[in-house]
Participant: 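One structure, pasted below without further comment.
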Amino acid sequence: SVVEHVREMAAAGLHSNVRLLSGLLLTMSGNNPELFSPSQKYQLLVYHADSLFHDKEYRNAVSKYTMALQQKKALSKTSKVRPSTGNAASTPQSQCLPSEIEVKYKMAECYTMLKQDKDAIAILDGIPSRQRTPKINMMLANLYKKAGQERSSVTSYKEVLRQCPLALDAILGLLSLSVKGAEVASMTINIIQSIPNLDWLSVWIKAYAFVHTGDNTRAINTICSLEKKSLLRDNVDLLGSLADLYFRAGDNKNSILKFEQAQMLDPYLIKGMDVYGYLLAREGRLEDVENLGCRLFNISDQHAEPWVVSGCHSFYSKRYSRALYLGAKAIQLNSNSVQALLLKGAALRNMGRVQEAIIHFREAIRLAPCRLDCYEGLIECYLASNSIREAMVMANNVYKTLGANAQTLTLLATVCLEDPVTQEKAKTLLDKALTQRPDYIKAVVKKAELLSREQKYEDGIALLRNALANQSDCVLHRILGDFLVAVNEYQEAMDQYSIALSLDPNDQKSLEGLQKMEKEESPTDATQEEDVDDMEGSGEEGDLEGSDSEAAQWADQEQWFGMQ
């Protein structure tokens, strides 16, 4: 029959052809209900819906899938009324009918694409547990997790592992929901023992158990031991995980190295490139960030990462309205993108919209409770709005939750520095942080800030020289320049400002410091420069007006993409 031809075209992937023919046949069936049998009409509706799904017309596809399920329900009732006569000819027809469970799964996929997760859960919940395939349980687990239904999510992930013991993403899902690594490993022990060359899996589970408990040091050591094994050497996923862990641990240098290594192995890599772009932007390598963004857009503009990378370029170029728009666009593509939430939150904070920024940082914390930079963003918002008490409570909670390491000690010290009463406590915390990690830049910067307040410039210079012995950082060179000015070492101060600008040409404070030094050396030239500045003032105002209009343009567009 003609329905068989439709089925064959659907199996061959001729979706546009199926859509045209099935649409015509369904119209014929509507005009003459006797033309096709109920089972044939059910098939036509499913194949037509599938073609709509392929064309990304999800709402229309849901409508047709719903009609197909209603037709199947009527068909089932008819089958009960008319018992089988034992004719073997009816068997092939019933066997070739599209699966009702598969139809419901496709409907759930449509609902997730339409961001109607509750409807997706409802349609999948309607499938009896025994009839749920691994992909149905996996989708349910992810949907439950997103909805905060952790117990149901764990149950579904475990069911996936029961059916497919090597489902690694399901393993990561369980670990992210605080299921013990030993319990997860026990669910895979049989498969590890029965198949050769799978001895690495138990170590892999152990490594990611450390990742999800926030034990970055042990996670790094365990993944490094895996990565050094000849069979898993140069694995892009492991390198990406290592890069992310180094980033979380505050070791930006090693993080960038691992990202670059992964990128060389896979030039089309997208995962983790948002963090890589952020790190490059922080180092002032804006040209590299721009090139990275262009390359990622050429790979895919349907992922959040390219938009975040471009947003980082705008943010560190002080174009906050544009960064806000790009961050919102990234969130629209992937509402679980932590880096997109952090970008948008930072842009909102710098634009003075602190309360909106707080919402985004809190959502980032919910999605990534072990990432310190999420808490740092929220605490900066509290400090910007003079909510020192809230900042102190949050910093103490982070200290207790993530443990006493150089990062949490520095974060707590940062808040303590805001209150004159807790200055001594800040000093103690920073000393502990620097004892653990003498090269931790944030701790060095905060200790230098404290020494500057106390006017202990010689101590500050010694601290900064020691920190710069094994690394080069724009901020540290600039602060060293400031301290050298304070002790009248002007020539070396100029050298330090120059080094800082060579590392980050956009660092305004270093530029101001250098210009101030040059003016003091040459008063005549300084006077002439001031006259030129006055003459060019009108031009600068014109540029500022242009940037304001652009900001307004991006702010208008941001309304369409803002996270409500």
Side-chain angles (χ1 to χ4, degrees), residues 1-114 119-140 159-160 163-164:
S1 70
V2 69
V3 176
E4 290 175 3
H5 286 282
V6 175
R7 186 190 312 122
E8 288 171 4
M9 287 194 295
L14 301 175
H15 303 292
S16 60
N17 299 274
V18 170
R19 178 172 181 171
L20 283 169
L21 182 56
S22 60
L24 292 167
L25 295 175
L26 285 169
T27 301
M28 291 167 61
S29 175
N31 290 324
N32 183 0
E34 303 297 323
L35 195 61
F36 297 109
S37 68
S39 64
Q40 288 176 323
K41 190 173 181 182
Y42 166 69
Q43 291 176 72
L44 287 172
L45 284 165
V46 172
Y47 297 137
H48 189 65
D50 285 346
S51 65
L52 291 169
F53 179 88
H54 183 265
D55 287 341
K56 300 182 180 180
E57 296 183 27
Y58 302 115
R59 208 170 292 280
N60 196 358
V62 166
S63 171
K64 297 302 184 292
Y65 282 131
T66 304
M67 291 169 66
L69 289 176
Q70 290 170 349
Q71 184 68 32
K72 184 69 167 61
K73 193 174 182 180
L75 181 60
S76 300
K77 287 180 180 178
T78 307
S79 300
K80 289 177 183 177
V81 173
R82 299 179 183 175
S84 175
T85 59
N87 188 349
S90 64
T91 306
Q93 188 184 35
S94 61
Q95 285 179 344
C96 69
L97 288 178
S99 164
E100 187 177 347
I101 291 171
E102 186 64 23
V103 169
K104 289 182 177 179
Y105 178 79
K106 282 281 183 66
M107 285 183 73
E109 281 192 303
C110 290
Y111 282 130
T112 56
M113 299 305 278
L114 294 167
D119 292 321
I121 291 173
I123 198 75
L124 294 178
D125 264 340
I127 301 173
S129 299
R130 291 182 180 180
Q131 295 179 20
R132 292 175 189 170
T133 60
K135 70 177 181 180
I136 289 173
N137 280 313
M138 190 70 190
M139 182 183 276
L140 262 176
E159 190 58 29
V160 173
Q163 296 169 300
C164 303

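Small disclaimer: the values here were computed from a predicted structure and weren't measured.
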Participant: How long is the span from the NZ atom in Lys41 to the CG atom in Leu25, to the nearest 0.5 Å?
Facilitator: 12.0 Å
Participant: Rounded to the nearest 0.5 Å, how far does OG of Ser22 lie from CG of Asn17?
Facilitator: 10.0 Å
Participant: Going from CE on Met139 to CD1 on Ile123, what distance comes out if it is rounded to the nearest 0.5 angstrom?
Facilitator: 11.5 Å
Participant: Tell me every residue that passes side-chain contact (heavy atoms from CB on, under 4.5 Å) with Asn31, counting only those two or more places apart in sequence or in another chain.
Facilitator: Thr27
Participant: What distance separates Met138 CE from Thr133 OG1, expressed to the nearest 0.5 Å?
Facilitator: 12.5 Å
Participant: Excluding sequence neighbours, so at least two apart, what forms salt bridge (Lys or Arg N to Asp or Glu O under 4.0 Å) with Glu4?
Facilitator: none
Participant: Applying side chain to side chain contact (heavy atoms under 4.5 Å, CB included) between Tyr58 and each of Leu114, Leu52, Thr112, report the one that passes.
Facilitator: Leu114
Participant: Search all heavy atoms of Lys104 against all heavy atoms of Leu124 and return the closest pair with its distance.
Facilitator: O-CD2, 4.3 Å
Participant: Going by the rule side-chain contact (heavy atoms from CB on, under 4.5 Å), which residues pair with Leu35 if we only count those two or more places apart in sequence or in a different chain?
Facilitator: Met28, Asn32
Participant: Using the side-chain contact (heavy atoms from CB on, under 4.5 Å) rule, take Lys56 and Met113 through it: C-alpha gap first, then chi angles, then the decisive distance, then the call.
Facilitator: CA-CA 9 Å; Lys56 300 182 180 180; Met113 299 305 278; over 6 Å; no
Participant: Side chains of Arg59 and Cys110, heavy atoms from C-beta outward: is any pair under 4.5 Å?
Facilitator: no
Participant: Minimum heavy-atom separation for Val18 and Ser51, please, with both atom names.
Facilitator: CG1-CB, 4.4 Å
Participant: Looking only at heavy atoms, what is the nearest atom pair of Gln43 and Pro98, with distance?
Facilitator: CG-CD, 3.6 Å
Participant: Please round to the nearest 0.5 Å and tell me the distance separating atom CD of Glu100 and atom CG of Leu75.
Facilitator: 10.0 Å
Participant: Taking salt bridge (Lys or Arg N to Asp or Glu O under 4.0 Å) as the test, write out the residues that go with Arg7, two or more places apart.
Facilitator: none
Participant: So which atom in Arg19 and which in Glu57 form the shortest heavy-atom distance, rounded to 0.1 Å?
Facilitator: NH1-OE2, 2.8 Å
Participant: Does the side chain of Val103 reach to within under 4.5 Å of the side chain of Lys72, using non-hydrogen atoms?
Facilitator: no
Participant: Taking the six-membered ring of Tyr65, is NZ or CZ of Lys106 closer than 6.0 Å to its centre and within 45° of its axis?
Facilitator: no
Participant: Looking at Lys135 and Glu102, is there a salt bridge between them, counting it only when a charged N and a carboxylate O are closer than 4.0 Å?
Facilitator: yes
Participant: Closest approach of Ser1 and Gln40, non-hydrogen atoms and distance?
Facilitator: OG-NE2, 3.7 Å
Participant: Under 4.5 Å between any side-chain heavy atoms of Leu21 and Tyr47, yes or no?
Facilitator: no
Participant: Do Val62 and Thr66 have side-chain heavy atoms sitting under 4.5 Å apart?
Facilitator: yes
Participant: Among pairs that include at least one residue of residues 2-35, which meet ring-ring contact (aromatic ring centres under 6.0 Å, His included), considering only residues two or more places apart or in two chains?
Facilitator: His15-His54
Participant: Just how far is it from atom CD1 of Ile101 to atom CD of Gln131, taken to the nearest 0.5 Å?
Facilitator: 4.0 Å
Participant: Which residues satisfy the side-chain hydrogen bond (donor to acceptor under 3.5 Å, both in side chains) test with Glu159, sequence neighbours excluded?
Facilitator: Arg162
Participant: Using a 4.5 Å cut-off on heavy atoms from C-beta on, say whether the side chain of Ile127 contacts that of Leu140.
Facilitator: no
